[in-house]
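Naming convention: chains lettered A, B, ... in sequence-line order (proteins, then strands); numbering from 1 in each chain.
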Amino acid sequence: MLVYDPKSIESKWQTYWQEHDSHRVNESSGKPKYYCLDMFPYPSGSGLHVGHWRGYVISDAFARFKKLQGYEVLHPMGWDAFGLPAENDAIKKGIHPKESTARNIANFKKQLAQMGAMFDWSREINTSSPEYYQFTQWIFVKMFKMGLAYRKEMPINWCPSCKTGLANEEVVDGGCERCGSTVTKRNMNQWMLRITSYADRLLQDLDKLKWPEKVKKMQANWIGKSIGAHVHFSLVDHPSSIEVFTTRPDTLYGATYMVLAPEHPLVESITTSAQKEAVEAYVKDTLTKSALSRQIFDKTKTGVFTGAYAYNPVNQKAIPIYIADYVLMEYGTGAIMAVPAHDERDFEFAKAFGLPIMPVISPKNAEPITGDAMTEAYVGDGVLVHSGALDGLSVDEAKSKMIAWLEQEQKGSGATTFKLRDWVFARQRYWGEPIPLVHCDACGIVPVPEEELPVLLPDVERYEPTGTGESPLAGIESFVNTTCPTCGQPARRETDTMPQWAGSCWYFLRFVDPHNTKEPFAKEKVDHWLPVDMYIGGVEHAVLHLLYARFFTKVLHDLGVLSFDEPFTQLFNQGMMTLNGAKMSKSKGNVVSPEELIEKYGTDTLRLYELFVGPPEVDAEWNPRAIDGVYRFLVKTYRLVADHAKDTHAVASSDVLKLRHRFIAQLNERIEGFRFNTVVSGFMEFISALQDHPTKVDRETLKALMIVLAPFAPHVAEEGYALLGYTNSVFTETWPQVDGQYLVDDEVEIVVQINGKIRDRMMIALTMSEEAVLESVKSRETMVEALNDKTIVKQIVVPGKLVNFVVK
RNA sequence: GCGGGUGUGGCGGAAUUGGCAGACGCACCAGACUUAGGAUCUGGCGGGCAACCGUGGGGGUUCGAGUCCCUUCACCCGCACCA
């Protein structure tokens, strides 16, 4: 008797796939394309655990499913290989990041091979290889030429531990996204990418995407579009004016004071000598407070009067100008008009500083209240009061009328503001793509000519960040000293490198043409394969990688090298795998590694368990014992096929045909709906039903079973298919069709209820009319008895489901 | 504070459009086979002796609610003085 031996089966078929080059994409098959992509990993030294497997198993199962459905499937894998861990390791141990990265990649590749996934390794890419990053640099040069890359001296987020600048997206709760250290501000001359000029499109085009609503919301919030107006306030006895942004131009009559951010450039010049000392002390105090304490913990309102006044443009009243740290220099104009009656923060501040509160919106059908009587700001809709020509209007009407007035009087204009900031794109670290620019005294900043790329990352003696704001590359004279591409005079190279995200912004494009040495990719190839049909990965990239990749795609679209402007049509975020309630991580010591599980149960069992463990989008706790259940299922499945394989005469009974077609119909729905946990339970039920069935199982049913099992447990499926006598791979088959005739029954069991409670069950023919059903139900002994002394008030018949009598 | 999500047996979780709650698996219990069982197979397994009661709590709509509406509680995630 044949016994299920995963080890021999799995090595046999993995060898077969390799020898037959089974996973290589056939560019000329003429089949419709499907691009199923995993978020490629950073090859860390820790290797893969069962949590990493989850997303890869889902995407591999889905990719194989699509292949069996007749698609030419692109399912590639590569390495996001630039990054800090390799560099920090280099600092500690002196090993070149290139070496440790190569070693980690080899380990990852070995581990991924154990999964039996259908990756087309001929397309493997590595973002830290010059063959790849020359085109990352090429894209940067294009952006520079398009005016999208620029250098600016400004206070940026600085991680004192990583000793590098960070993008806004990399600051989480005031800490560094990577190491958790408290982020400080540091004034630096930085390379920036003008992602803000794409803000509107990045927001608008979210509508086109089949992404989880949560991720779309997160991106929308991050982009943070606000519609309102800019208003100019001229100053009393001072030549300058202050521009504010407000979403509530309708409340302008209620503006009773103004607030500038402490960093606002006008603070110094408008402050009166009497207030100078207090203002300077407050500004100093604010700047030393970390972003963390300023924004998160302490929201009590503080501030100082500057001594200056501005005229409210609608009524020429002089209103005092304060500085306060609740106004942020980064947002809007760094200055606000304060309307305490209708803004919670302004209300708090006004209360704290005894400033007047002037209501200009009255709730509909309510008595107008005075500012003194208010206990909180009124932010709802209502009718304008105390607002001159606006009186009686609704908030919306007043907004547009006020904007029109401001524009006509040249005192302001309608305006839109975004929370999104430009992307700080430079890092003062070693292990990244050198920014391909040259500083020339005569010509200024000049991009390295495209044909001279890549600017190779040189070897260094010391990897330590200097901490002075310069990267380790600045210490390498042979790298720094060059000649100007334009005038040929001596010049200096830019020594900053790109952030870790750079390579992943376009890798999905490179997979379609990974060995192209002339250009990043051939346009016709990228237009054929892209956009990615299904993108699978963790939700942690919701506003980092996914936003950046969308931005790059739009830039490349505008450059004319892509015909589409959104990279990922559909996104799926798999849930985390937890152990003891915490995300698995090596540092917490709670990782479950796949190796020993594969040793004990085989890859197919682990694959199925990853799917069975729970709804794929929900976090799942690893249960070390539950895996036995799926192993038993595979043992039973294997035995079923082995036992029946030689029986060429078995004919499918109509019962078996019904079972099979129903199973596959249900399976299709569950796969398309990404309900893989129920996919596995469906298989278990089907196998049990076949085992319990009195007649022999026919070969057609077994063959169909092996085909539909193949996406999930490919090795067992191949073996079972071979046991049935087929000599090709099961993946040369096509997905079985469902025959609708087997999905309907002639007879079904219905439930008989009285007042909604089940009293009986009976079989009826599906063709019976409602009247006939009622009649036969009523004639049943149990019903005759139950209805004996009752009056039927109402009778409900749900065809094929139930009959309900409402009785008194 | 704002936004999103989740609450179903001892556990993970099932349940088209409102129509048999608890599929499937784990754990557990009993039995079979065994020198043995942490192997395998068979059966049982929400609570209650029962009528009945049961999907976080309370209310509602309906012949009928895990599913729809209102309200409330708990937990999780994201954003967080964004004018």
Side-chain angles (χ1 to χ4, degrees), chain A residues 172-174 212-222 224-226 228-229 244-248 251 255 258-259 261 294-296 298-302 324-328 330-339 342-346 348-349 417-421 539-540 542-543 575-576 581 608-609 612-615 617-633 635-636 666 669-670 673 675 677-688 749-758 761 792-807:
Chain A
V172 179
D173 288 342
E213 283 308 312
K214 178 182 166 160
V215 175
K216 291 207 253 184
K217 271 261 163 57
M218 283 169 74
Q219 290 213 355
N221 288 342
W222 190 260
K225 182 175 182 172
S226 297
V244 305
F245 173 73
T246 178
T247 55
R248 296 295 302 273
T251 62
M258 297 186 79
V259 184
R294 179 169 168 187
Q295 290 185 12
I296 295 177
D298 189 9
K299 288 189 183 175
T300 54
K301 297 290 175 287
T302 60
D325 67 2
Y326 82 94
V327 173
L328 307 174
E330 300 89 63
Y331 185 74
T333 61
I336 62 159
M337 62 180 220
V339 185
H342 305 293
D343 181 282
E344 285 169 25
R345 298 149 301 178
D346 297 345
E348 274 180 51
F349 190 85
T417 294
F418 294 90
K419 261 166 71 178
L420 184 71
R421 305 287 83 195
V539 74
E540 64 272 17
V543 283
M576 271 187 325
L608 284 184
Y609 184 63
F612 187 60
V613 71
E617 69 281 5
V618 175
D619 292 351
E621 173 72 11
W622 184 261
N623 178 344
R625 282 180 299 204
I627 194 169
D628 286 318
V630 288
Y631 180 70
R632 272 176 232 159
F633 158 73
V635 170
K636 283 186 212 171
Q666 184 200 51
E669 275 179 31
R670 290 176 171 182
R675 282 145 46 214
N677 53 329
T678 63
V679 162
V680 178
S681 65
F683 272 106
M684 290 171 169
E685 286 175 88
F686 182 56
I687 290 293
S688 295
E749 189 185 60
I750 61 162
V751 169
V752 184
Q753 300 179 329
I754 292 174
N755 290 343
K757 298 220 160 87
I758 298 157
R761 294 156 199 278
I792 297 178
V793 184
K794 194 168 179 182
Q795 38 199 24
I796 292 119
V797 181
V798 182
K801 286 258 167 73
L802 62 79
V803 173
N804 187 15
F805 296 109
V806 183
V807 301

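- Distance A:His342 NE2 to B:C81 C1': 19 Å, rounded to the nearest Å.
- Atom CG of A:Leu328 is separated from atom NZ of A:Lys419 by 10.5 Å, given to the nearest 0.5 angstrom.
- In this view, A:Arg675 and A:Arg670, A:Asn677, A:Thr678 satisfy the side-chain contact (heavy atoms from CB on, under 4.5 Å) rule, not counting sequence neighbours.
- Of the candidate nucleotides B:G78, B:G25, B:A83, B:G25 has the atom lying nearest to any side-chain atom of A:Met684.
- For A:Asp628 and B:G38, the CG to P distance is 13 Å, given to the nearest whole Å.
- With sequence neighbours excluded, the residues forming a side chain to side chain donor-acceptor pair (under 3.5 Å) with A:Ser226 are A:Tyr331, listed by chain and number.
- In this structure, A:Lys636 has no salt bridge (charged side-chain N to carboxylate O under 4.0 Å, His left out) partners at least two apart in sequence or on a different chain.
- Spacing of C1' atoms, B:G9 relative to B:G3, comes out at 34 Å, to the nearest Å.
- Nucleotide B:C26 holds its C1' atom 8 Å from the CZ atom of A:Arg625, rounded to whole Å.
- Partners of A:Asn623 under the side-chain contact (heavy atoms from CB on, under 4.5 Å) rule, at least two apart in sequence or in another chain, are A:Tyr609, A:Arg625, A:Ala626.
- With sequence neighbours excluded, no residue forms a ring-ring contact (aromatic ring centres under 6.0 Å, His included) with A:Phe805.
- Using N1 to N3 plus N6-O4 or O6-N4 for Watson-Crick, or N1-O2 and O6-N3 for G-U wobble, each under 3.5 Å, B:U67 pairs with nothing.
- Distances from the side chain of A:Pro615 to the nucleotides B:G3, B:C26, B:A14 place B:A14 closest.
- For the P atom pair drawn from B:A39 and B:A30, the interatomic distance equals 15 Å after rounding to whole Å.
- Nucleotides B:G7 and B:U72, compared at atom C1', are 14 Å apart to the nearest Å.
- Annotation: B:G5 and B:A83 have their P atoms spaced 23 Å apart (nearest Å).
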Under 3.5 Å, which N/O atoms of the protein pair with N/O atoms of nucleotides 39-42 of chain B?
none

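- Remark: the separation of the P atoms in B:U16 and B:G60 is 27 Å, to the nearest Å.
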Protein-nucleic acid N or O pairs under 3.5 Å, nucleotides 62-69 of chain B:
from	atom 1	to	atom 2	distance (Å)
B:C63	OP1	A:Lys794	NZ	3.2
B:C63	O2	A:Asn804	ND2	2.5

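- Here B:G1 sits opposite B:C79 as a Watson-Crick or G-U wobble pair (both hydrogen-bonding atom distances under 3.5 Å).
- Counting only heavy atoms from C-beta on, A:Asn677 has its side chain closest to B:G13 among B:A83, B:G13, B:G25.
- For A:Lys216, the side-chain contact (heavy atoms from CB on, under 4.5 Å) criterion is met by A:Leu206, A:Trp211, A:Glu213, not counting sequence neighbours.
- For A:Tyr326, taking side-chain heavy atoms from C-beta onward, the closest of the listed nucleotides B:C81, B:C24, B:G3 is B:C81.
- Neither OP1 nor OP2 of B:A83 sits under 4.0 Å from any side-chain N or O of A:Thr333.
- A:Asp619 pairs by the side-chain contact (heavy atoms from CB on, under 4.5 Å) definition with A:Met576, not counting sequence neighbours.
- Across B:C69 and B:G18, the matching P atoms stand 11 Å from one another, rounded to whole Å.
- Put simply, the side chain of A:Lys301 and the base of B:C81 share a donor and an acceptor less than 3.5 Å apart.
- Distance CZ/A:Phe612 to CD1/A:Ile627: 11.5 Å, rounded to 0.5 Å.
- When each of B:C26, B:C79, B:A14 is scored by its nearest atom to the side-chain atoms of A:Trp222, the top-ranked nucleotide is B:C79.
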N/O contacts under 3.5 Å, protein versus nucleotides 7-12 of chain B?
from	atom 1	to	atom 2	distance (Å)
B:G12	O2'	A:Val613	O	2.9

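- Distances shorter than 4.0 Å separate some side-chain N or O of A:Arg675 from OP1 or OP2 on B:A15.
- Interatomic distance, NE2 of A:His342 versus OG1 of A:Thr251, reported as 7.0 Å (0.5 Å rounding).
- Rounded to whole Å, the C1' atom of B:C63 lies 32 Å from the corresponding atom of B:C73.
- For A:Lys301 and A:Tyr326, the positive end sits near the middle of the six-membered ring, less than 6.0 Å away and at most 45° from its axis.
- Residues meeting the ring-ring contact (aromatic ring centres under 6.0 Å, His included) test with A:Phe686, sequence neighbours left out: A:Phe663.
- Of the P atoms belonging to B:C53 and B:U42, the separation is 36 Å, rounded to the nearest Å.
- Contacts of A:Lys419 with the nucleic acid, taken as non-hydrogen atoms under 4.0 Å apart, include base atoms.
- Residue A:Glu685 places its side chain closer to B:A23 than to any other of B:A23, B:G19, B:A83.
- Under the salt bridge (charged side-chain N to carboxylate O under 4.0 Å, His left out) criterion, A:Asp343 pairs with A:Arg345, sequence neighbours left out.
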